[in-house]
Structures are given as structure tokens and as C-alpha cells.
Amino acid sequence: MRLIGNVIWFVFGGFFMGMAWFLIGLIAFVSIIGIPWGRACFNIGLFSFFPFGKEAVSREVSTGKSDIGTGSLGLIGNIIWLLFAGIWLALGHLVSALFFFITIIGIPFGLQHIKLVNIALMPIGKCIVDIR
């Protein structure tokens, strides 16, 4: 079922939002200072291509250890991210979700976009894990 959901997702909008993540990642890499955000963009871009069966969780929950991204520096990084790129990616996912929520068949896809809105707003300190 995940495979079917991911294929339909990719064809009906997942490709475009994943490419938006990659574009923001490339811009971040060009700025040199944004390389950590750029790396996160590429990981989340892959997640945006195929979100069914995966989830974004705090690295602290995933590994059981606190690190630089899950502390106060991570919060500062998330605020910087939100101001420069996060709000635009989150709006893209939110608008896409609203279009999917118009039909009953689109509700699962809209829910995936809402899941991606959360990580678009605050990606620092998160990792992508498989749902078992």
C-alpha cells in the first residue's frame, strides 16, 4: 500500500514539492553559511518525494541523545530557517494540502502535506525514520 501511495503522491504533486526543497537546498549551499540547512533540505526533499511509510521525529527521541541541533542552537537555527525559507515551503505544502482535502480520495495525500508542513517550519534537530 505504501508503494501505491508513494507512486500516486509522486505523480500528483510530490515531485514538484520535492524539487522545491532541492532548489532551496541549492540556494543554501551557494550561500556557504547555509550548508547545514542545505543538507537538511536534500534529506527532506527525498522525504517529500516519497512520504508514505516515513515520519519526521526529533533526533533526541530517535537516538536517545541530545545534540547541537536539538538544543538552544537548534532553536535559533530553526528561527533563521523559518524567516528565510521555511514559511514559503510550509505555505506550498499547506496550499497543496487544501487542494487535496477537496475530495475524499485526496485526504490521505492532504495529511501527508500537513506532515510536511510541520517539518518545513522547524527542520533542525529532526530526522526521517521508517514507520514500522
Side-chain angles (χ1 to χ4, degrees):
M1 196 65 181
R2 290 180 191 174
L3 177 65
I4 293 169
N6 280 325
V7 168
I8 294 170
W9 168 270
F10 187 79
V11 171
F12 289 106
F15 173 76
F16 296 110
M17 287 308 300
M19 292 307 290
W21 278 97
F22 283 168
L23 177 66
I24 298 294
L26 286 173
I27 293 168
F29 264 88
V30 168
S31 74
I32 305 289
I33 241 176
I35 289 175
W37 288 282
R39 280 190 61 227
C41 283
F42 292 124
N43 289 334
I44 299 167
L46 291 174
F47 177 46
S48 185
F49 280 147
F50 306 108
F52 286 92
K54 296 183 181 190
E55 186 176 25
V57 297
S58 171
R59 274 198 315 264
E60 191 170 14
V61 171
S62 176
T63 63
K65 298 178 183 176
S66 182
D67 63 21
I68 196 166
T70 59
S72 57
L73 286 177
L75 177 64
I76 293 168
N78 275 326
I79 291 169
I80 293 168
W81 166 260
L82 181 66
L83 296 174
F84 286 102
I87 193 75
W88 303 111
L89 288 167
L91 282 173
H93 283 296
L94 189 59
V95 168
S96 298
L98 292 175
F99 280 118
F100 277 111
F101 283 140
I102 292 172
T103 65
I104 292 173
I105 295 171
I107 290 174
F109 301 102
L111 292 174
Q112 295 302 314
H113 274 295
I114 296 299
K115 182 168 72 172
L116 287 158
V117 165
N118 290 332
I119 196 166
L121 292 173
M122 300 282 184
I124 307 281
K126 304 265 172 121
C127 65
I128 311 300
V129 296
D130 290 328
I131 298 173
R132 300 205 184 240

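Values below: every heavy atom of this structure, side chains too, minus hydrogens, waters and symmetry copies.
Using a 4.5 Å heavy-atom cutoff, the side chains of I114 and F101 are in contact. In this structure, W81 and I24 have side chains that are in contact, with non-hydrogen atoms separated by less than 4.5 Å. You'll find the side chain of I107 stays beyond 4.5 Å of the side chain of F100, heavy atoms only.
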Extract all donor-acceptor atom pairs below 3.5 Å that involve side chains of residues 85-98 and protein atoms in other chains or at least two apart in sequence.
{"residue": "H93", "atom": "ND1", "partner": "H113", "partner atom": "ND1", "Å": "3.0"}
{"residue": "H93", "atom": "NE2", "partner": "W21", "partner atom": "NE1", "Å": "3.0"}
{"residue": "S96", "atom": "OG", "partner": "G92", "partner atom": "O", "Å": "2.9"}

Tell me which donor-acceptor pairs under 3.5 Å the side chains of residues 34-49 have, and how far apart each pair is, sequence neighbours excluded?
{"residue": "W37", "atom": "NE1", "partner": "G77", "partner atom": "O", "Å": "3.3"}

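Within a 6.0 Å sphere centred on CD1 of I131, other residues, nucleotides and ligands contribute more than 12 heavy atoms. At most 12 non-hydrogen atoms from other residues, nucleotides or ligands lie less than 6.0 angstrom from CZ of F84. Other residues, nucleotides and ligands contribute at most 12 non-hydrogen atoms within 6.0 Å of the CD1 atom of I104.
Taking all atoms of both residues into account, the shortest heavy-atom contact from C127 to S58 is SG-O, 4.5 Å. Across every non-hydrogen atom of K115 and P51, the tightest pair is NZ-O, 3.1 Å. Closest heavy-atom contact between P123 and A120: CD-O, 4.0 Å. The nearest pair of heavy atoms linking I124 to N78 is N-OD1, 2.8 Å.
Listed by first and then second residue, the side-chain hydrogen bond (donor to acceptor under 3.5 Å, both in side chains) pairs involving residues 2-20 amount to none (not counting sequence neighbours).
Put simply, CG on L116 and CG on L111 are 11.5 Å apart, with the number rounded to the nearest 0.5 Å.
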